[in-house]
Amino acid sequence: MRMSSLFLRTLRENPADAEVPSHQLLVRAGYIRRVSPGIYTWLPLGLKVLKRVEQIVREEMDAIGSQELLFPALLPREPYEASGRWTEYGPNVFRLKDRKENDYLLGPTHEEMFTLAVKDMYSSYKDLPVSLYQIQIKYRDEARPRAGILRGREFVMKDSYSFDLDEAGLDKSYQQHRDAYIKIFDRLGFHYVIVQAMAGAMGGSKSEEFLATAENGEDTYVRCANCGYAANVEAVQVAAPDPIPYADLPASHVEDTPDTPTIETLVTHLNSAFPREDRAWAAGDTLKNVVVMLVHPDGSRAPLVIGIPGDRDVDEKRLGAQVEPAVVAAFEEADFAAYPSLKKGYIGPEVLGEASESGIRYLVDPRVVDGTAWVTGANRPGHHVLDLVAGRDFTADGTIEAADVRPGDACPSCGHALESARGIEMGHIFQLGRKYAEALDLKVLDEHGKQRTVVMGSYGVGVSRAVACIAEGNHDDLGLVWPRDISPADVHIVATGKDRVRDPEVFETAERLTRGLEAAGLTVLYDDREKVSPGVKFKDSELIGVPTIVVVGKSLENGVIEIKDRRSGDRREVPVADAVTEILAEVN
RNA sequence: CGGGGUGUAGCGCAGUUUGGUAGCGCAUUGCGUUUGGGACGCAAGGGCCGCAGGUUCAAAUCCUGUCACCCCGACCA
């Protein structure tokens with residue numbers, strides 16, 4: 001690549017709409033350009049980087065025997081109608097119509113297409129297992145795209161799917177992908193963690209995420225320094241205590257608690273009106289019953305009450321993950337009017353439960369085990385019930401993981417204190433099970449001639465996101481600093497001469513060097529621009545971020561060129577005659 | 001969807017309070033000087049001031065409406 005003709009324009013100033021370093025630098029260094037919110041053009045340098053990331057992913061997928069294919073991005077409605085996702089996916093899908101008013105969508109993910117492709121071509125257990133993948137442009141109409149290509153509405157994703165006859169096969173396919181992902185993310189040079197995750201909108205069971213660790217990441221996860229447990233907050237399982245015998249506990253009793261609609265006012269009142277002998281009342285002694293409205297994909301609405309210890313709040317992300325595909329809406333004043341048994345601020349278990357008169361579903365935090373005693377609402381304004389014992393005085397319809405998770409909470413695996421950190425989701429693997437195979441009727445004949453529903457796994461890597469994420473983790477004040485395996489070029493040669501007439505030796509040496517390195521198989525970005533001052537060329541080379549910069553200029557008088565390491569800033573001089581050899585040694 | 005903000009040249013911005021012929025820096029073009037850390041001088045090209053309506057002799061500026069975009073939150077591989 002010759003800079004004199006490369007389609008490139010570097011910017012001295014940051015674009016006004018870029019906040020995060022990766023976005024600022026990728027635009028300034030001429031890798032990408034914004035076209036529309038969350039939609040970017042890959043310019044020549046950026047495309048080189050994207051292709052290199054793709055290639056690493058491709059090699060590792062091929063290595064586990066997965067086969068690449070390519071589906072259209074433009075898809076008909078019917079398969080998504082059949083799987084239920086035409087509605088479940090909601091407003092995040094880009095939808096469009098053709099001239100005959102038929103519905104289409106731009107694929108947000110391709111489970112249906114893979115499932116149908118296998119159904120179309122395979123019908124025997126002998127055909128399984130099979131693993132297929134594509135590297136595709138995906139579309140999601142994000143409510144708020146942000147951070148450049150880190151979270152776009154159009155993005156490149158590798159998605160693959162495994163098809164097995166049974167769960168044992170799925171476990172094996174899952175493990176293969178897991179191993180491949182470790183290789184991919186190692187090669188991409190990420191600092192990452194593998195965390196337990198929710199299967200999310202795709203449905204399914206076992207699931208793990210690969211998160212690039214980043215302080216400004218969008219995903220929060222917890223980890224245990226003691227046993228290595230790590231999980232996305234959405235997927236954290238609360239360490240539930242053992243049930244407590246409650247034969248000797250005092251009976252429950254309703255008390256006057258005027259003007260105590262909040263946990264804070266209630267605790268203050270308890271401590272003045274009903275002081276405990278052993279210690280003061282605390283928020284954690286109360287059972288907070290939070291009511292929300294669930295909106296199901298078919299549009300139906302139903303209230304849900306969640307009982308959690310009063311010192312905690314409902315974490316909306318965790319709750320949302322639990323109730324998916326339903327979405328959580330606020331419980332409005334009008335809803336209270338429609339459900340008169342719910343007294344705002346004084347809701348108690350007595351009127352709750354699917355078996356109760358109200359029929360309102362009631363789920364409690366896993367900490368609310370049998371034998372625990374609580375202060376909670378008595379379903380009358382200004383009244384609470386004390387010593388209400390779970391298992392004796394009330395029984396919920398089940399438990400729900402909706403309370404917030406905090407640093408210091410017990411690790412569900414070993415009991416040690418959990419710590420919290422943030423990351424960016426780069427990969428997600430999960431066991432889909434039979435959801436799509438059933439919805440789309442993907443079956444094969446087994447060895448006994450019986451129809452068996454195929455078991456699927458689904459695995460994704462955010463390819464374009466990886467480019468942003470690598471940039472995010474590899475830059476300094478001057479610009480980008482690409483890892484060698486990702487860089488758009490192996491070497492950036494800077495010729496600092498005035499022009500070919502006045503400094504023929506500089507340009508001739510640089511060109512000879514370029515040809516020599518290219519002949520040796522390297523890709524070279526050669527700054528052959530004439531009448532451009534050295535300062536500009538140095539700044540551009542630092543901004544662009546090729547890991548090895550070779551300067552051909554002034555020092556030629558002494559018969560040497562300079563080799564500069566972009567990351568460390570170290571530079572050394574080598575004789576022109578040894579230059580190709582020395583640079584090859586540097587790069588390998 | 002809630003809160004905050006911004007739309008003026010390819011990019012970054014001033015001008016809007018107080019209406020009077022569209023500005024600055026970078027980038028681009030030409031000439032000259034300069035060439036190891038984003039050089040300098042002179043000259044030049046480039047604008048539907050987001051859009052629509054209104055007020056006015058006169059609107060980037062005032063009024064009404066509308067659209068778009070950015071940031072925080074909500075939501076989301």
Side-chain angles (χ1 to χ4, degrees), chain A residues 8-20 23-24 27-28 30 33-39 89-93 107-111 136 138-148 150-159 197-202 207 209-211 216 218-219 232 234 315-317 319-321 324-325 327-330 424-430 458-466 469 478-479 494-499 502-503 506 529-543 549 551-557 561-562 564 569 571:
Chain A
L8 172 75
R9 177 111 299 142
T10 56
L11 304 176
R12 196 177 295 200
E13 288 163 303
N14 280 324
D17 59 358
E19 290 283 314
V20 298
H23 186 192
Q24 294 174 334
V27 173
R28 274 186 57 200
R33 276 287 166 108
R34 197 193 78 121
V35 170
S36 179
I39 302 178
Y89 231 104
N92 268 15
V93 180
T109 171
H110 284 73
E111 277 78 359
Q136 237 293 17
K138 307 285 189 183
Y139 295 88
R140 292 186 196 172
D141 191 0
E142 296 283 349
R144 186 154 94 81
R146 69 184 88 180
L150 209 44
R151 170 165 225 87
R153 296 195 293 171
E154 177 186 279
F155 55 97
V156 178
M157 176 171 165
K158 186 284 301 177
D159 55 333
M198 297 293 295
M202 319 305 166
S207 171
E209 283 173 346
F210 288 69
L211 300 181
N216 58 354
E218 293 183 307
D219 287 303
N232 191 305
E234 293 169 20
D315 180 323
E316 291 185 26
K317 268 191 174 178
L319 174 60
E324 218 165 54
V327 296
V328 177
I424 299 165
E425 182 181 356
M426 294 308 313
H428 197 167
I429 55 177
F430 49 93
S458 160
Y459 318 90
V461 171
V463 175
S464 49
R465 175 179 285 185
C469 200
L478 298 170
V494 176
T496 60
K498 297 178 183 69
D499 58 47
R502 281 174 288 181
D503 287 309
V506 169
R529 292 176 293 177
E530 294 181 275
K531 294 170 186 154
V532 173
S533 75
V536 171
K537 292 187 172 185
F538 290 144
K539 290 288 184 194
D540 275 346
S541 73
E542 282 145 357
L543 184 59
I549 297 165
V551 182
V552 181
K554 217 175 190 176
S555 58
L556 217 49
E557 293 166 7
I561 53 106
E562 290 162 44
K564 195 163 72 175
R571 57 179 74 186

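First the proteins, then the strands, lettered A, B, ... as listed; each starts at 1.
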Applying the Watson-Crick and G-U wobble criteria at under 3.5 Å, what pairs with B:A39? Answer none if nothing qualifies. B:U33

Just jot down the side chain to side chain contact (heavy atoms under 4.5 Å, CB included) partners of A:Val532, sequence neighbours excluded, or say none. A:Arg529, A:Val536, A:Lys537

Rounding to an integer number of Å, can you tell me how far A:His23 NE2 sits from B:C69 P? 14 Å

A:Arg140 to A:Pro108 - nearest heavy-atom pair and separation: NH2-O, 2.7 Å

Answer for the Watson-Crick or wobble partner of B:G25, both distances under 3.5 Å, is B:C11

What pairs with A:Glu154 under salt bridge (charged side-chain N to carboxylate O under 4.0 Å, His left out), at least two apart in sequence or on another chain? none

Scan A:Glu218 against the nucleic acid and name what it touches under 4.0 Å (heavy atoms): base, sugar-phosphate only, or nothing. nothing

For A:Arg28 and for A:Gly427, find the nucleotide of RNA chain B with the closest heavy atom, then tell me which residue's nucleotide is more 5'. A:Arg28

By side chain to side chain contact (heavy atoms under 4.5 Å, CB included), which residues pair with A:Arg34, not counting sequence neighbours? A:Asp17, A:Pro37, A:Tyr40

Specify the separation, in whole Å, of atom CD of A:Glu142 and atom P of B:C1. 16 Å

Could you tell me how far apart A:Arg153 (CZ) and B:A77 (C1') are, to the nearest whole angstrom? 16 Å

Side chain to side chain contact (heavy atoms under 4.5 Å, CB included) partners for A:Lys138, two or more places apart: A:His110, A:Gln134, A:Gln136, A:Phe155, A:Met157, A:Asp159

CG of A:Asp17 versus P of B:C72: gap in Å, rounded? 12 Å

Any residue meeting salt bridge (charged side-chain N to carboxylate O under 4.0 Å, His left out) with A:Glu425, in chain and number order, not counting sequence neighbours: none

Its contact letters, B for base, S for sugar-phosphate only and - for none at protein heavy atoms under 4.0 Å, make nucleotides 23-37 of chain B read --BSSS------BBB

Rounded off to whole Å, could you give me the CD-to-C1' distance for the A:Gln136 and B:A77 pair? 15 Å

Answer yes or no: is there a donor N or O on one side and an acceptor on the other, between the side chain of A:Gln24 and the main chain of A:Ala18, under 3.5 Å? yes

Need the pair for B:A68. Rule: Watson-Crick or G-U wobble, both distances under 3.5 Å, any strand; none if unpaired. B:U6

Listing time: all N or O pairs from protein to nucleotides 13-16 of chain B that are below 3.5 Å?
none

The salt bridge (charged side-chain N to carboxylate O under 4.0 Å, His left out) partners of A:Arg12 (sequence neighbours excluded) come to none

To the nearest Å, how far apart are A:Asn14 CG and B:G38 P? 19 Å

Who pairs with A:Arg33 by salt bridge (charged side-chain N to carboxylate O under 4.0 Å, His left out), at least two apart in sequence or on another chain? none

